[in-house]
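The structure appears right after this line, and notes come after that.
Computed from a prediction, not measured in an experiment: that's the story for all the values here. Below, chain A is the first sequence line, B the second, and so on; all start at residue 1.
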Amino acid sequence: MDFIEVERKWQKKWSDTRLYSFDKSKVDHKKYVLEMFSYPSGAKLHAGHWYNYGPSDSYARFLRMQGYEVFQPMGFDAFGLPAENYAVKTGVHPQDSTLKNIDTMEKQLRAMGASFDWDYEIKTCMPDYYRWTQWIFLQLYRKGLAYRKQAPVNWCTSCNTVLANEQVVDGCCERCGATVVRKNLTQWFFKITDYAEELLQGLDKLDWPEKTKAMQRHWIGKSTGGEIRFACENGESFSVFTTRADTAYGVSYVVLAPEHPLVGRLVTDDCRAAVQAYQTECAKTSEIERLSTTREKTGVFTGAYCINPVNGKRVPIWIGDYVLASYGTGAVMGVPAHDERDYDFALRYDLPITRVVRAADGSNDALPYTQYGVLVNSGACDGMTSEQAKTAIVQTLAERGDGKATTNYRLRDWLISRQRYWGCPIPIVHCDHCGEVPVPEDQLPVQLPYDVDFTPDGKSPLLKSEAFMQTTCPKCGRPARRDPDTLDTFVCSSWYYLRYPDAHNDKQAFDPQWINRMLPVDKYIGGAEHACMHLLYARFFTKALRDLGYLDFDEPFLSLVHQGTILGPDGFKMSKSRGNVISPDDYISKHGSDAFRMYLMFGFSYIEGGPWNTGALDSIVKFLERVERFVVRAVKDKDKSGSYEAAEKELDYVRHSTIKRVTEDVQAFSFNTAIARLMEYVNALYQYDRDRADAYNGKFVYECTDDLILLLAPFVPHIAEELNEIAGNPYSVFQRRYPTCDETKLVKDSYELAVQVNSRMKAKIVVPAQADQAQIAQIALAHPAIVQAIGAQTVRKTIVIPKRLVNLVVG
RNA sequence: GCCGAAGUGGUGGAAUUGGCAGACGCGCCGGACUCAAAAUCCGGUGAUGGCGACAUCGUGCGGGUUCAAGUCCCGCCUUCGGCACCA
């Protein structure tokens, strides 16, 4: 069989007969199978794309053959920084390079033979898509979930431009090497923190990898504790957040973040110079650097003092860069006796250390002692346990207005504005008279202008396009300016799964009634690197749109699978700079996409991935040819009328156990073992053929072979379609049903089990299926090898595990 | 630094969750077919010792629990991911 030719033949037929076109009338039996869409970065598909799309397409085909109406769309996440960088370097407009890349990738995806329904294709950079991205932004804006505030960005002092984290290398600009500082800009945010608790709770009921759920939980980072208010001597006050209110009597200083608004007003004249120098230094330090554990904790004294509300003690106010303005209240209380960081800080700056907790059981409680225990040196709270004191102290403070019990989340609001060109424009107009005015929905989309100078020079590229910027205020009609920023591309990818089923709707982002029937996604497949960002943002969008009345479900992706990563042959991530990138093209043009896909499924554990190894590809080609030979032979000998019941029964057993195990394995995305089972089945067919040359039952073998074709179809779609034709079946194999296991064929009247003596393997016995434990033991004891192994010793204990083994403990 | 995952023959990887370690492949060795080679088909293949039946060892290292440990517990080592002092 010419695999290449066969591919061409069936791809044409599939396309001509619209085989994979989704039938909307069967929505009640739908399965929405979604692979994370691609970023059109390079011109060609790499091994990773194949690894994502090939096996998951096999999964979709499997569901299709089980009778589900499968919805499997494809599209492109087309806005983003790489295209813009490429443009800056080469002068090719991002739109041109992106559309060209999409074109190539689309062709390749079609050539893969995946059963995507291209009628629902999405490109996020096209106005018919981003119009609705803007619409969603406006819905969130109306609900108060989009707002502006000052936030720091990475700023290159030489290029005068904002840098993404990935463009900052060792605190310097990757382009010019100049120092990067943090600078405040007014930025748009989505208030994802409003949903922190629900995002956390919702994880419990999702069929997602535990690892991913754990990562999201950690990212959301809920901690319960209290806020304690410290009054300053200048009359102002600030609060700290703590999970250890029980240690409040041990406070010997407080530390504010260097950016804390109070610092300027608190600092005394003699400390001002040192504080300002420290603040300047901090602005140069990236957040990642600041948070490095290997750095020594530093700080400076502000000269000011405040009062610890629990005991009235006067404590010094410091600033330190290990305190982050963005977490909690931007201020912490320093309890060196019971916190390691505080302990280090106190030692370094010679601050007092007061113990207020002892181990309850008198065990070693050397300082810093960070466990819970029993309070000492804590006034009225002495003798309480940490747990009791936490509540008691917060409560007492709350009654006096000096504190409250609170829950704090690590999760921060989502910064969505980018000072970039290649993104979705923000549909807001800034009017001198009316302020922020949303663009009316009937004026969407706000088109991204093509002709824009996007060389980085300190301004948002759109700011330089007067044609874009100049507009009139939708409210008062006076001249006004558009928002010059674009949206983070994660915004575009946070709702694409909602657009797919209604991809060509030009009246709405989606028809809610229809979407509520199509969603949630039944199986979502993509890389683990999106565990926290994309997957959390998409969940947030779903919940927000639900609260806006558009959706009637809470979670977008019921079940999630992460595929592993295919590494280079050297075991490292494939990268151009390392020169270990494997291009699938050569393999595919030689052996075809089916063999390549099956190799990817067989040679790796799908969820693990691993380094590329070529050898196994040839073995898959050999296997497929072996299958073909058998099918041709079985068709030819269809009418041979021999019969040998025992051999047929045995083959039937293998046949049905294969059906059962392949089905289970595919459902678990364990493709490598599924294919191993198929190989075993083929081996069994050959063995039958060999042993039964004299009594060959042509009809029976033909039926077994037909099942083989069906079983193989999801893995090698083109070849199976051809074999289906060779076997004389009507088109298409994908309109036939996947075989189901007949459990009665799996009933055996006897089975083999292992016999151990003192846990060492000594013999194998065959026992009747209905034998009880005593009978099994009896058969085991009668076996000559067992008799010999036991010898004169006494059997002290007999362990019988039906279907597994017998262990005789002797001595 | 913390969290998570992993570590199994020459090699990719299996192992129903505590029950015959190495399924299925690759590679290698041998046989059949062939004038020959390729292809194909068949058989063998963890290590050590032994002519042999067999014995001993063996899932990163060291301990432990158990009739039984790749799997569970304790302590390490290495690799890969993720997170960044979270008050």
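Between A:K803 and the phosphate of B:G19, there is no side-chain N or O to OP1/OP2 separation shorter than 4.0 Å. Phosphate proximity of B:A87 to A:S223: present, with a side-chain N or O under 4.0 Å from OP1 or OP2. Not one side-chain nitrogen or oxygen of A:Y322 sits closer than 4.0 Å to the OP1 or OP2 atom of B:A87. Within the structure, a side-chain polar atom (N or O) of A:K762 is placed less than 4.0 Å from OP1 or OP2 of B:A55. The side chain of A:N672 places no N or O atom within less than 4.0 Å of a non-bridging phosphate oxygen (OP1 or OP2) of B:G25. Distances shown here put a side-chain N or O of A:R629 below 4.0 Å from the OP1 or OP2 atom of B:C41. The side chain of A:K211 places no N or O atom within less than 4.0 Å of a non-bridging phosphate oxygen (OP1 or OP2) of B:A5. Put simply, A:R677 has no side-chain N or O that comes within less than 4.0 Å of OP1 or OP2 on B:A14. The side chain of A:R217 places no N or O atom within less than 4.0 Å of a non-bridging phosphate oxygen (OP1 or OP2) of B:C3.
Listed candidates were B:A87, B:C67, B:U56. Nearest to the side chain of A:V332 is B:A87.
Residue contacts for A:N408: at a heavy-atom cut-off of 4.0 Å it reaches no nucleic acid atom on any strand shown. Residue-level contact check: A:G221 touches neither bases nor backbone, having no heavy atom under 4.0 Å from any strand. When heavy atoms are screened at a 4.0 angstrom cut-off, A:G609 is found touching the sugar-phosphate backbone but no base atom. Among the atoms of the strands shown, only primed sugar atoms or phosphate atoms (P, OP1, OP2) are found under 4.0 Å from some heavy atom of A:K622. Across all strands shown, A:R661 has no heavy atoms under 4.0 Å from either base or sugar-phosphate atoms. Among the heavy atoms of the strands lying under 4.0 Å from A:F602 is at least one base atom, whether or not backbone atoms are also near. Within 4.0 Å (heavy atoms only), A:N807 reaches at least one base atom of the nucleic acid.
Under the 30°/60° scheme for interplanar angles, the aromatic rings of A:Y686 and A:F630 are found to be tilted. Between A:F490 and A:H530, the angle of the ring planes goes over 60°, which puts this pair in the perpendicular group of the 30/60° scheme.
When the C1' atom is compared between B:U11 and B:A5, the two are found 23 Å apart, to the nearest whole Å.
The CG atom of A:D665 sits 11 Å away from the P atom of B:U16 (whole-angstrom rounding).
Between A:K762 and the options A:V755, A:V806, A:V757, a side chain to side chain contact (heavy atoms under 4.5 Å, CB included) holds for only A:V757.
The cationic atom of A:R633 (NZ for Lys, CZ for Arg) lies less than 6.0 Å from the six-membered ring centre of A:Y696 and within 45° of the ring axis.
Judged by atom type and distance alone, A:R804 reaches the base of B:U16 through a side-chain donor-acceptor pair under 3.5 Å.
Between A:D342 and A:M215, the residue whose closest nucleotide on RNA chain B is further toward the 5' end is A:M215.
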